[in-house]
S.K.: 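Sharing a structure here in structure tokens format.
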Amino acid sequence: MARFEKDFLLGAATAAHQVEGNNTNSDNWAQEQMEHSSFTEPSGAACDHYNRYKEDIKWMAEAGLNAYRFSVEWARIEPEEGVFDEKETRHYRDVIRCCRENGIEPIVTLHHFTSPVWLIRKGGWEADTTPADFARYARYIAEQYGSELRYVCTINEANMGIQIAAVARQIFQQMAAAGKVQVGVNLEDLMKGSPLLARENQTAFGTEKPAVFVSPRSAHGDEIIMQAHAAARKAIREAAPHIKVGWTLSLHDVQSVPGGEDKAAEEWDREFTHYLTVMAEDDFLGVQNYSRTIIGPDGSLPVPEGREKTQMDYEYYPEGIAHVLRRVANDFHGDLIVTENGIATADDSRRVAFIDTATRGVADCIAEGLPVKGYLYWSLLDNFEWQKGYAMTFGLIGMDRETQQRLPKASLSCLGALR
Ligand code: BGC
């Protein structure tokens, strides 16, 4: 039954590296090939979406969806610093046009975790030169495709690096608090693993500790991200003023139990509030939520006893997206688009239930007057879930990994029926 107006942006999201395959000029690709890699498996051919995007877009259109969020891969477009690749530029133009031909609004992300190797060799996401490099790429994209686009997300989950830094700190504290053995075991592994990996990093990136996008980020790196976003937004507006620009944030539904209020407030400030100044000029905010975090006096608590968990090991909590939308709308006054929300599960009936509850919450927010313009489920396809590899199945469409055959799930048509 229809839950949204016809012009509501209802669709699915992907990221280039997770679906396209053979993203060989990127930092992730290099990391996946290392002998001492922390990735469980390499991305390889992924879902071969690079060659099969037409089929994938058709599946969405046939299901009734009208929006597709995907990312353009910087490492393909600018494989060497300052050198733009015409063939790859044509490729993404074809993808954008294919969306239009199928009545699908393309929502393009410029950076979704992966970067060109040359950028990391220059210091990556901690380097003062990165905002200008990113703005040059953003300008190129806006000049090339500007007339065909209405929405651009500059950076996916701009806050991911500082979230990872905070989690790393908490794990370290817990390890230290848990006593010698646990610390010893982990540290031993670290000692064994890290010098070898460091050497491989040195060869690939010219540094033992590459500042890739998802590395634990320093306060300086956080500034770099904000500068990169602002510089890209300016470049896009100069080249194509009609485009609506925003970035996306990973936002937990941060809740607290008595005694955890201050830590919960700190967490929300880290994830969201301290970015308000840089976001003030954005047209929209991409809201990405998967679960909730409950905070006690000593930090985040385990999933409550008896609660269902997803394959990712966090709590099944589809109510989270509506909570987060209401919370961000108190302080951010542009449009809101749910750019990611989803569940990793082998049981598609749980995905159907998740989408049902989550989208009811989104519809309630709209009824309350919140400017929510879209809902993009993560993800269109079962795909490469970064360090966890292919075992996590978020997709509306399954995959035969041998043949790359697409296996649409019931959740795809359930989502499509909502407008
Ligand atoms: C990222 C996606 C990822 C998804 C599921 C988000 O943090 O943007 O790339 O696959 O979560 O874990």
Side-chain angles (χ1 to χ4, degrees), residues 11-21 23 26-29 31-32 39-41 43 46-47 49 68-75 107-115 125 153-167 212-217 225 229 246-253 271-272 285-293 309-318 320-321 324 337-346 350-351 354-355 358 374-399 411:
T14 63
H17 189 78
Q18 294 178 269
V19 294
E20 286 180 347
N23 184 17
S26 75
D27 53 356
N28 252 73
W29 184 271
Q31 290 180 309
E32 292 161 24
F39 285 75
T40 52
E41 56 186 324
S43 54
C47 306
H49 182 68
Y68 178 35
R69 172 177 176 242
F70 61 93
S71 70
V72 170
E73 184 60 54
W74 188 0
I107 300 175
V108 165
T109 304
L110 301 184
H111 188 275
H112 194 125
F113 292 175
T114 43
S115 310
W125 291 95
C153 306
T154 56
I155 299 175
N156 179 66
E157 297 189 339
N159 55 354
M160 183 49 79
I162 58 163
Q163 276 182 9
I164 289 175
V167 171
V212 300
F213 190 81
V214 295
S215 300
R217 191 168 296 146
I225 296 283
H229 172 60
W247 69 4
T248 83
L249 294 176
S250 162
L251 296 168
H252 294 93
D253 178 8
E271 287 193 7
F272 177 68
L285 168 64
V287 177
Q288 309 198 164
N289 168 267
Y290 287 86
S291 188
R292 68 170 164 176
T293 306
K309 288 193 198 173
T310 75
Q311 287 173 336
M312 297 286 284
D313 242 9
Y314 43 61
E315 186 182 352
Y316 174 93
Y317 197 72
I321 186 63
V324 169
I337 301 178
V338 178
T339 38
E340 286 183 29
N341 178 241
I343 173 175
T345 174
R350 297 311 290 147
R351 189 177 344 273
F354 184 97
I355 291 174
Y375 177 90
L376 290 316
Y377 175 82
W378 182 272
S379 179
L380 178 63
L381 302 159
D382 284 347
N383 63 36
F384 182 69
E385 180 56 27
W386 307 111
Q387 300 205 336
K388 291 183 190 284
Y390 289 102
M392 305 291 113
T393 50
F394 280 93
L396 300 167
I397 299 179
M399 298 277 307
S411 50

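Whatever order the structure lists ligands and atoms in, that order sets their numbers, starting from 1. Computed from a predicted model, the values in this text were never measured in an experiment.
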S.K.: Number the atoms of ligand 1 from 1 as they appear, then name those within less than 4.0 Å of a heavy atom of Met312, with their elements.
M.R.: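 Listed by number with element: 12 (O).
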S.K.: Which atoms of ligand 1 have any heavy atom of His112 under 4.0 Å away?
M.R.: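 Heavy-atom distances to His112 below 4.0 Å select 1 (C), 2 (C), 8 (O), 9 (O).
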S.K.: If you measure from each non-hydrogen atom of Asn156 to ligand 1, which part falls under 4.0 Å: side chain, backbone, both or neither?
M.R.: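 Looking at Asn156 and ligand 1, just side chain atoms fall under 4.0 Å.
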S.K.: Checking a contact table here: which protein heavy atom is nearest atom 1 (C) of ligand 1, and how many Å away?
M.R.: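 For this ligand atom, the closest protein heavy atom is Glu340 OE1, 3.3 Å.
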S.K.: How about His17 and Trp386: are their ring centres within less than 6.0 Å of each other?
M.R.: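 Close enough - the centres of the two rings lie under 6.0 Å apart.
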S.K.: Evaluate the side-chain proximity of Thr310 to Thr345: yes if any heavy-atom separation is below 4.5 Å, no if none is.
M.R.: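 No, side chains not in contact.
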S.K.: Verify, without hydrogens or angle tests, whether Tyr316 (side chain) and Phe354 (backbone) share a donor-acceptor contact under 3.5 angstrom.
M.R.: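 Checked: pair present.
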S.K.: Just which atoms of ligand 1 are under 4.0 Å from any heavy atom in Trp386?
M.R.: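 Counting from 1, the qualifying ligand atoms are 2 (C), 3 (C), 9 (O), 10 (O).
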S.K.: Within the structure provided, determine whether Ile225 and Trp125 are in side-chain contact (heavy-atom separation under 4.5 Å).
M.R.: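 The answer is yes; the side chains approach within 4.5 Å.
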S.K.: Say whether, by atom type as modelled, one donor and one acceptor occur between the side chain of Arg350 and the main chain of Ala346 under 3.5 angstrom.
M.R.: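 Checking the backbone N and O of Ala346 against the side chain of Arg350, no donor-acceptor pair under 3.5 Å is found.
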S.K.: Looking only at the side chains, is there a donor atom on one of Ser250 and Gln163 sitting less than 3.5 Å from an acceptor on the other?
M.R.: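 There is such a pair between these side chains.
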S.K.: In the protein, what heavy atom is nearest to atom 7 (O) of ligand 1, and what distance, to one decimal place, separates them?
M.R.: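 The closest heavy atom on the protein side is Glu157 OE1, 2.6 Å.
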S.K.: Please report which non-hydrogen protein atom sits nearest to atom 10 (O) of ligand 1, along with the residue it belongs to and the distance in Å to one decimal place.
M.R.: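 The protein heavy atom lying closest is Glu385 OE1, 2.6 Å.
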S.K.: Could you find the nearest protein heavy atom to atom 4 (C) of ligand 1 and give me its residue, atom name and distance?
M.R.: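 Answer for atom 4 (C) of ligand 1: Tyr290 OH, 3.3 Å.
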